[in-house]
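Right, one structure below, let's go through it.
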Protein chains: 2
Amino acid sequence: MEAALKAIAEPRRRAILRLIWDRELPAGEIASQFDVTRPAISQHLRVLREADLIDERREGTRRYYRTRPDTMAALRRFMENMWDESLERLKFAAEFEEAKQKRASGSPEDRKRRIH
Amino acid sequence: MEAALKAIAEPRRRAILRLIWDRELPAGEIASQFDVTRPAISQHLRVLREADLIDERREGTRRYYRTRPDTMAALRRFMENMWDESLERLKFAAEFEEAKQKRASGSPEDRKRRIH
DNA sequence: ACTTCGCGTAAGTTGAGACTTACGCTTTTA
DNA sequence: TAAAAGCGTAAGTCTCAACTTACGCGAAGT
């Protein structure tokens, strides 16, 4: 997951992912779409593969690549969870503040305890 | 958006975002939660701020930081859109393939045209 | 006014990463 | 079996980014 996040942070790798989302393509065809050398793309493909973001299929001398929908879905869920968990915490914090208002107003020590 | 993606790719910055999601905290309190120096955290806060991921409020000598829900929401939507657009393309590609099956089986030139 | 507090910033170091060219490996073809 | 096709990998360069220590700056206390 960590590897996937760093992988999609790179614009070129996102472009590759979009290129091979709905169809598998051999490495050479992928490289021909960009203005960098073929080894550069090969190294990007390695990063994507180690992050489980693409599949590799070898056929003869060619290697076909294709985006893995399951890992992309997991990435999407990760963002949603980060969002949802935070909403939970926001809600909890609001309730906590409310309860605190009903108690006697806080001593100076209260602020220290809220932090950390 | 590019800046935000690279910002959340760093684990330490994600930890900071979680820390100040539901409550604002002064820079020093944030730094005390980590085992790196205060300037290091200050630089992380700068990156987050330039990506519009956090707000800064100055009060006296302190600077309070807090995660911006709107930018986080935009980030979440970005992932969803990347996913949805790709689903659209997948659907379209499937229809295209289906239509192609109904035509005469492809000549060798067809494969060339499918690529690029 | 002088000191202390709570910061950010400057400058330097180190490691990672996005590239390049050169090379080697495996599979097909002549 | 020799050559060519289609790749990945090694090695080197260069930029960037995550840290460190040293310093500076404005606001608050004394």
Side-chain angles (χ1 to χ4, degrees), chain A residues 1-20 23-66 108 111-112 114-116, chain B residues 1-20 23-66 108 111-112 114-116:
Chain A
M1 178 55 53
E2 175 67 26
L5 261 178
K6 292 212 170 182
I8 66 160
E10 182 62 39
R12 184 100 57 190
R13 284 194 284 262
R14 285 201 303 277
I16 293 177
L17 285 176
R18 279 192 295 269
L19 194 61
I20 57 176
R23 63 189 189 288
E24 63 179 10
L25 244 48
E29 295 287 345
I30 298 172
S32 69
Q33 307 288 328
F34 301 97
D35 57 352
V36 292
T37 59
R38 192 182 47 72
I41 298 299
S42 188
Q43 287 159 19
H44 278 308
L45 290 171
R46 194 160 112 93
V47 171
L48 290 170
R49 208 178 61 78
E50 287 178 350
D52 288 326
L53 281 166
I54 60 175
D55 265 334
E56 180 189 300
R57 183 177 67 88
R58 307 190 185 190
E59 184 179 312
T61 172
R62 284 184 173 82
R63 300 198 187 186
Y64 289 89
Y65 292 96
R66 183 168 199 158
R111 289 193 65 185
K112 276 191 181 172
R114 276 185 57 203
I115 292 167
H116 186 181
Chain B
M1 178 54 53
E2 175 68 26
L5 261 178
K6 291 211 170 182
I8 66 160
E10 181 62 39
R12 184 100 57 190
R13 283 195 285 263
R14 284 201 304 277
I16 293 177
L17 285 176
R18 279 192 296 269
L19 194 59
I20 57 175
R23 64 189 188 288
E24 64 179 9
L25 244 49
E29 295 288 345
I30 298 171
S32 69
Q33 307 289 329
F34 301 96
D35 57 352
V36 291
T37 60
R38 192 182 47 72
I41 298 299
S42 188
Q43 287 158 18
H44 278 308
L45 290 171
R46 195 159 110 93
V47 171
L48 290 170
R49 209 179 60 79
E50 287 177 349
D52 288 325
L53 281 166
I54 60 175
D55 266 335
E56 180 189 300
R57 183 177 66 89
R58 307 191 185 191
E59 184 180 311
T61 172
R62 285 184 173 82
R63 301 198 186 184
Y64 290 89
Y65 293 94
R66 182 168 200 157
R111 289 193 64 183
K112 275 191 182 173
R114 275 185 57 203
I115 293 167
H116 183 175

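Chain letters run A, B, ... following the sequence lines, proteins first, then strands; residues in each count from 1.
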Tell me, do [X] and [Y] make a side-chain contact under 4.5 Å, heavy atoms counted?
X: B:Pro11; Y: A:Glu2; value: yes
X: A:Val47; Y: A:Lys6; value: no
X: B:Ile16; Y: B:Phe34; value: yes
X: A:Arg62; Y: A:Arg58; value: no
X: A:Arg57; Y: A:Arg66; value: no

* Asked: Considering the options A:Glu56, A:Glu24, A:Glu29, which one meets the salt bridge (charged side-chain N to carboxylate O under 4.0 Å, His left out) requirement together with A:Arg63?
  ->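 The salt bridge (charged side-chain N to carboxylate O under 4.0 Å, His left out) with A:Arg63 is passed solely by A:Glu56 among A:Glu56, A:Glu24, A:Glu29.
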
Report the distance from atom [atom1] of [X] to atom [atom2] of [N], rounded to the nearest whole Å.
X: A:Tyr64; N: C:dT27; atom1: OH; atom2: C1'; answer: 13 Å
X: B:Leu25; N: C:dG6; atom1: CG; atom2: P; answer: 14 Å
X: B:Glu24; N: C:dC7; atom1: CD; atom2: C1'; answer: 16 Å
X: B:Lys6; N: D:dT15; atom1: NZ; atom2: C1'; answer: 11 Å
X: B:Arg14; N: D:dA18; atom1: CZ; atom2: P; answer: 12 Å
X: B:Glu2; N: D:dC16; atom1: CD; atom2: P; answer: 14 Å
X: A:Asp35; N: C:dT20; atom1: CG; atom2: P; answer: 8 Å

* Asked: If you look at every strand shown and take non-hydrogen atoms under 4.0 Å, does B:Ala40 touch a base, only sugar-phosphate, or nothing?
  -> base

Heavy atoms only: give me the nearest [X]-[Y] pair and the separation to one decimal.
X: A:Ile20; Y: A:Ile30; value: CG2-CD1, 3.7 Å
X: B:Ile54; Y: B:Leu45; value: CD1-O, 3.4 Å
X: A:Ala9; Y: B:Ala9; value: CB-CB, 4.0 Å

* To do: Given side chain to side chain contact (heavy atoms under 4.5 Å, CB included), test B:Tyr65 with B:Ile41 step by step and report yes or no.
  => CA-CA 12 Å; B:Tyr65 293 94; B:Ile41 298 299; over 6 Å; no

* To do: Can you pull out how bent the helix from C:dA1-D:dT30 to C:dA30-D:dT1 is, comparing the axes over its first five and last five pairs, to 10°?
  =>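 If I round to tens, the end axes sit 10° apart.
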
* **Check: B:Arg13 side chain, B:Ala7 main-chain N or O, donor-acceptor pair, under 3.5 Å** =>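 Yes: the side chain of B:Arg13 pairs with the backbone of B:Ala7.
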
* For the pair B:Arg14 (side chain) and B:Ile8 (backbone), establish whether a donor and an acceptor sit closer than 3.5 Å, ignoring hydrogens and angles. =>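 Indeed, once roles are kept as given, a pair shorter than 3.5 Å links the two residues.
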
Can you see if the side chain of [X] gets near the phosphate of [N] - specifically, an N or O under 4.0 Å from OP1 or OP2?
X: A:Thr37; N: C:dC19; answer: no
X: B:His44; N: D:dA17; answer: no
X: A:Tyr65; N: D:dG8; answer: yes
X: A:Arg49; N: D:dG8; answer: no

* May I ask you to list the residues of residues 52-61 of chain B, by number, that have any heavy atom positioned under 4.0 Å from an atom of DNA chain C? => B:Thr61

* To do: Report the residue (A:Glu10 or B:Ile41) whose heavy-atom-nearest nucleotide on DNA chain C is the more 5′ of the two.
  =>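 Counting from the 5' end, the first nearest nucleotide belongs to B:Ile41.
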
* C:dA18, D:dG6, C:dC19: which one has an atom nearest the side-chain heavy atoms of A:Arg62? ->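 Shortest atom-to-atom distance from the side chain points to D:dG6.
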
* Using a cut-off of 4.0 Å between protein heavy atoms and nucleotide atoms, how would you tag nucleotides 9-15 of chain C 5' to 3' with B, S and -? -> BBB----

